[in-house]
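Contents: one structure, followed by commentary.
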Amino acid sequence: MADGDGSPLDETLRRWELEQAQLKTSVKEEDTEEWQKNATFEGLERVGGVDLSYVEGNQPQACASLVVLSYPDLQVLYEDCRVVDVRAPYVPGFLAVREGPVLVEAVQRLLEQEPSLSPQVLLVDGNGVLHYRGFGVACHLGVLTGLPCVGVAKNLLHVDGLAKDELHKEQIRDLQMGGDTFPLMGASGRVLGMALRSCDKSTKPIYVSVGHRMSLESAVRLVQSCCRHRIPEPIRQADIRSREYLRKHPPSPAGTAHPGPERRDEGTEPKH
DNA sequence: GCGACAG
DNA sequence: ATCTTGTCGC
């Protein structure tokens, strides 16, 4: 994206790029799970979802949430919400740098503490290979957790010629019912993902792309089978619960780091 | 050159 | 991402 002019920001972006490129290199042949091979996903029992909720716009504190739902009935089996520090800023193309670390931690906690509840696949809020460098947050999480991952974005990332142009809008209008899709083919000719009308109610599609250890076809079918609303239930629950958790456990403003539950003063200014 | 740009 | 009121529909 940016040409190197030597600015500190540029340096940082280049470093992030290299780190991600390194991770991408470690991706091996797409090995898939047994349950992906049959049309009804027999053998699939647990689907995970992750999301972050923020306080205002740029506070370091956020709530990271990981939920695991039963499949196919989509009942919550596991929930983990906690306030975390998010250091990196949001930079389009580098969402994984911002949200990846805390989400990986959440997954690893589950794998260690409740392995029997481990998700067999993870739905991620963001893109997979539908990404500037073919390595979105869903790929990133997949590599670092080893779990099959699917990227689910609520908005189209403009990459490889894809854009919300007239053609795109027309294709959206042609989506008649829940389950309808159209491929997202970049100028390179490669299919980077699928636009999916996830339910009858909403006319705005979601954008599904491969994250890790799964085919696009399976990914789309899986996501659609998890949709009671526009957003697939695992991600939706993670979103709802992280937001609720923040509301109930408001992080202290700034600098007031450690749990300082007590404040004596009622007003800002001591009256004299 | 400017703008567009997952969350 | 987050801030917002009402409103339409099952």
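The chains referred to below are lettered A, B, ... by the order of the sequence lines, with proteins before strands, and numbering in each begins at 1. A quick note: this is a predicted structure, and the numbers were derived from the prediction, not measured.
Residue A:Arg243 places at least one side-chain N or O under 4.0 Å from the OP1 or OP2 atom of C:dT2. Dashed line: the shortest gap from a side-chain N or O of A:Lys154 to OP1 or OP2 of B:dA6 is not under 4.0 Å. Contact between the side-chain N/O atoms of A:Tyr132 and the OP1/OP2 oxygens of B:dC5 is not found at any separation under 4.0 Å. Within the structure, every side-chain polar atom (N or O) of A:His158 is placed at least 4.0 Å from both OP1 and OP2 of B:dA4. Dashed line: the shortest gap from a side-chain N or O of A:Ser53 to OP1 or OP2 of C:dA1 is not under 4.0 Å.
If you check every strand for non-hydrogen atoms under 4.0 Å, A:Asn155 touches sugar and phosphate atoms only. Counting non-hydrogen atoms under 4.0 angstrom, A:Lys201 reaches nothing in the nucleic acid. No engagement by A:Val159 is indicated, since no non-hydrogen atom pair under 4.0 Å with the nucleic acid exists. Note on A:Gly151: nothing from the nucleic acid sits closer than 4.0 angstrom, heavy atoms only.
Nearest to the side-chain atoms of A:Lys164 among the listed nucleotides B:dG7, B:dA6, B:dC5 stands B:dC5.
Taking the side chain as every heavy atom from C-beta outward, A:Gln120 and A:Pro148 never approach each other to under 4.5 Å.
Taking a cutoff of 4.0 Å between a charged side-chain nitrogen and a carboxylate oxygen, A:Asp80 and A:Arg82 qualify as a salt bridge. Between A:Arg15 and A:Glu19 there is a salt bridge, since a side-chain N of the basic residue sits under 4.0 Å from a carboxylate O of the acidic one.
A donor-acceptor contact shorter than 3.5 Å links the side chain of A:Ser70 to the backbone of A:Gln75.
In this entry the distance linking NE2 of A:His168 with C1' of B:dC5 reads 14 Å, nearest Å. One atom, NE2 of A:His140, and another, P of B:dA6, lie 18 Å apart when rounded to the nearest Å. For A:Asp200 and C:dG9, the CG to C1' distance is 14 Å, given to the nearest whole Å. Per the geometry, CG belonging to A:Leu95 stands 10 Å off C1' belonging to C:dA1, to the nearest Å. In this structure, A:Asp125 places its CG atom 6 Å from P of B:dG7, rounding to the nearest Å. One interatomic measurement links the two molecules: CG of A:Leu157 to P of B:dA6, which rounds to 6 Å at whole-angstrom precision. A straight line from OH of A:Tyr90 to P of B:dA4 spans 14 Å, rounded to a whole angstrom. Remark: C1' of B:dC5 and CG of A:Asp165 are 15 Å apart, rounded to the nearest angstrom.
In this structure, a donor-acceptor pair under 3.5 Å is present between the side chains of A:Ser53 and A:Ser242.
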Output field dot_bracket for DNA chain C (Watson-Crick or G-U, both distances under 3.5 Å, | for other-strand pairs) contains ..........

Might you work through the ring-ring contact (aromatic ring centres under 6.0 Å, His included) test for A:His249 and A:Tyr245, ending with a clear yes or no?
-> CA-CA 6 Å; A:His249 308 272; A:Tyr245 189 91; 4.2 Å; yes

Yes or no on ring-ring contact (aromatic ring centres under 6.0 Å, His included) for A:His168 and A:Phe182, after CA distance, side-chain angles and deciding distance?
-> CA-CA 10 Å; A:His168 187 74; A:Phe182 64 85; 5.5 Å; yes

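A cation-pi arrangement is present between A:Arg133 and A:Phe94, with the terminal nitrogen or guanidinium carbon under 6.0 Å from the aromatic centre and inside a 45° cone about the axis.
With centroids closer than 5.5 Å and planes inclined by less than 30 degrees as the test, A:Tyr207 and the base of B:dA6 fail to qualify as a stacked pair.
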